[in-house]
Novice: 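Pasting in a structure now, in structure tokens, and then I'll have a few things to ask.
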Amino acid sequence: MNMMVKPTPRAPERFFIGGRWVEPISRQTLKVVSPSTEELLITYPEAGPADIDRAVASARDAFDNGPWPRMAPSERAGYLRRVAALLTERLDDIATAWTLQVGAPISLTKKLVGQNPTLFSYYADLIEKYPFVDERKRDDGGRVRVAKEPVGVCAAITPWNAPLVLLSYKIAAGLAAGCTMVAKPSPETPLEAYILAECIERAGLPQGVFNIVPAGREGGDYLVRHKGVDKVAFTGSTGAGKHIAQVCAERLARVSLELGGKSPAILLDDADFKAALPSLMVYTMPITGQVCFSLTRILVPEHREKEFLDLYLGAVSGIKVGDPFDPATQMGPLTMARQRARVEGYIAAGRAEGARIACGGGRPRGFDKGFFVEPTVFTDVTPHMKIVQEEIFGPVVSVLTYRDDEEAVAKANNSQYGLNASIYSADPERAYGMARRVRSGTVTINGVIIDPKHPFGGFKQSGMGREGGPEGLENYIETKTIQYA
Ligand code: NAD
């Protein structure tokens, strides 16, 4: 298949540390490979321990001695609004970098990139009215002031699937709280973090307030263990999240975790399937299924299974898979060769366990390059199967059936995860009742809405803490009680 002409990215050469672009100390490099052509896109420097020490020392100095944590919130808000304005100027670059590195369709990345400036302006607005100091009274009438202070130097560690949005959640909220930040983007997708650093530099934030050290797992581990880091904000796999929580527990460093998911879409027996279809088409396999809150388990009433499958399979088999830079493409490739191997391993496991492939299951024809797989739907699945229990992180969905609402809730909750859910019903109050019984951090009635101005995060092994909304700011805050004797 012919791919459209791709932009050639400029490989980053330096790290942004202490408000300057500095030469790497480490000689290690990382590579980014195109998901659609398998060509090497860039080779760029990887931060080693000495670079990370330097970034943490800058952030430490900016926190302990610099103006940022002590500034009036309205002044910090002014800087954040400048970052938002500068990010807005770069939205096309951000969408292009996302599509180039991840393979997410350009039609989608162009739609979603606006979330980045939104997060910065949202937290700017929030801190102008947030009660950073609350006046209270003791029972004896004495004065008490409860101050909300920044937690300190924060490490922000992010995955590759939505590189800047997941970083913006952390950096916008952390900076708004008065923290200083060391960002470690994913090794496969560094470009957007560099765009953010350029905007932060142009916005004139005090030196050391924001630093980036691109690195792989070892660099991430070194950063998490660093005594100069007060808090780790992590988004990634549940396995890595558990490891990071253990490391942080050693010194009781604060930690917030946004981890994996296996989220259900529950269609109640009164649901309008045709009305549900558009949101199911977008959110059961967004970015080739590489989104933590994808609805990968669809629960339908047994007596309406055929009706549902006729609709859903018809739509899934019509998904236009192809070059992510083609505006007509609905699904691009998976991001990496190892991701495709993982997804194909799960498809094989589903087959071996006796599930039926109702559509897809292989590689699409006509692609001699690129990590493409077909959108795949399994039926005849049982709740214990690997494909139903484990996060695949690919375009693979299981359709399960249930007989009554009790069984629907039990099946929805039969998961180690609890990130997201959708409930479709003609009766919003009935759906609300069910939403309260589903053990997950977000639930949407009759659709999927993930809005950065409201909290997002996981129950159970999907994480700890919330990002977005006022709760996202509180991730970066310590509470101090000042009593007047
Ligand atoms: P990953 O856990 O392999 O890596 C995530 C980041 O952590 C990367 O920057 C990586 O270099 C770093 N890292 C890995 N191991 C580390 C360690 N031991 N110490 C410190 N840093 C470490 O995850 P991934 O494959 O990049 O991303 C996919 C996963 O992310 C999926 O499980 C997905 O569900 C999850 N995710 C969750 C959310 C959410 O908000 N809940 C959002 C997107 C992705």
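For the numbers below, each heavy atom of this structure counts, side chains included, while hydrogens, waters and symmetry mates do not. Both counts, for ligands and for their atoms, begin at 1 and track the order of listing. All residue numbers in this chain count up from 1 along the given sequence.
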Novice: Which residues pass the salt bridge (Lys or Arg N to Asp or Glu O under 4.0 Å) test with Asp53, not counting sequence neighbours?
Specialist: none
Novice: May I have all residue pairs that pass side chain to side chain donor-acceptor pair (under 3.5 Å) and include part of residues 90-103, sequence neighbours excluded?
Specialist: Arg90-Asp93, Arg90-Glu198, Thr99-Thr109, Gln101-Glu192
Novice: Do the side chains of Glu344 and Arg363 get close enough for a salt bridge, i.e. N-O under 4.0 angstrom?
Specialist: yes
Novice: Table please: side-chain donor-acceptor pairs of residues 179-187 below 3.5 Å, with sequence neighbours left out.
Specialist:
| unit_1 | atom_1 | unit_2 | atom_2 | d |
| --- | --- | --- | --- | --- |
| Thr180 | OG1 | Ala59 | O | 2.8 |
| Lys184 | NZ | Ala215 | O | 2.6 |
| Ser186 | OG | Glu188 | OE1 | 2.7 |

Novice: Under 3.5 Å, is there a donor on one side chain and an acceptor on the other for Asn420 and Thr442?
Specialist: yes
Novice: List, for ligand 1, each N/O atom that has a protein N/O partner under 3.5 Å away, with both atom names and the distance.
Specialist:
| unit_1 | atom_1 | unit_2 | atom_2 | d |
| --- | --- | --- | --- | --- |
| ligand 1 | 2 (O) | Ser237 | N | 2.8 |
| ligand 1 | 2 (O) | Ser237 | OG | 2.6 |
| ligand 1 | 3 (O) | Arg217 | NH2 | 3.1 |
| ligand 1 | 9 (O) | Thr158 | O | 2.7 |
| ligand 1 | 9 (O) | Lys184 | NZ | 2.9 |
| ligand 1 | 11 (O) | Lys184 | NZ | 3.0 |
| ligand 1 | 23 (O) | Ser237 | N | 3.4 |
| ligand 1 | 25 (O) | Trp160 | NE1 | 3.1 |
| ligand 1 | 26 (O) | Trp160 | NE1 | 3.0 |
| ligand 1 | 30 (O) | Gly236 | O | 3.3 |
| ligand 1 | 32 (O) | Glu391 | OE1 | 2.6 |
| ligand 1 | 34 (O) | Glu391 | OE1 | 3.3 |
| ligand 1 | 34 (O) | Glu391 | OE2 | 2.5 |
| ligand 1 | 41 (N) | Leu259 | N | 3.2 |
| ligand 1 | 41 (N) | Leu259 | O | 2.7 |

Novice: Among Val165, Leu166, Leu164, which residue satisfies the side-chain contact (heavy atoms from CB on, under 4.5 Å) criterion with Ser168?
Specialist: Leu164
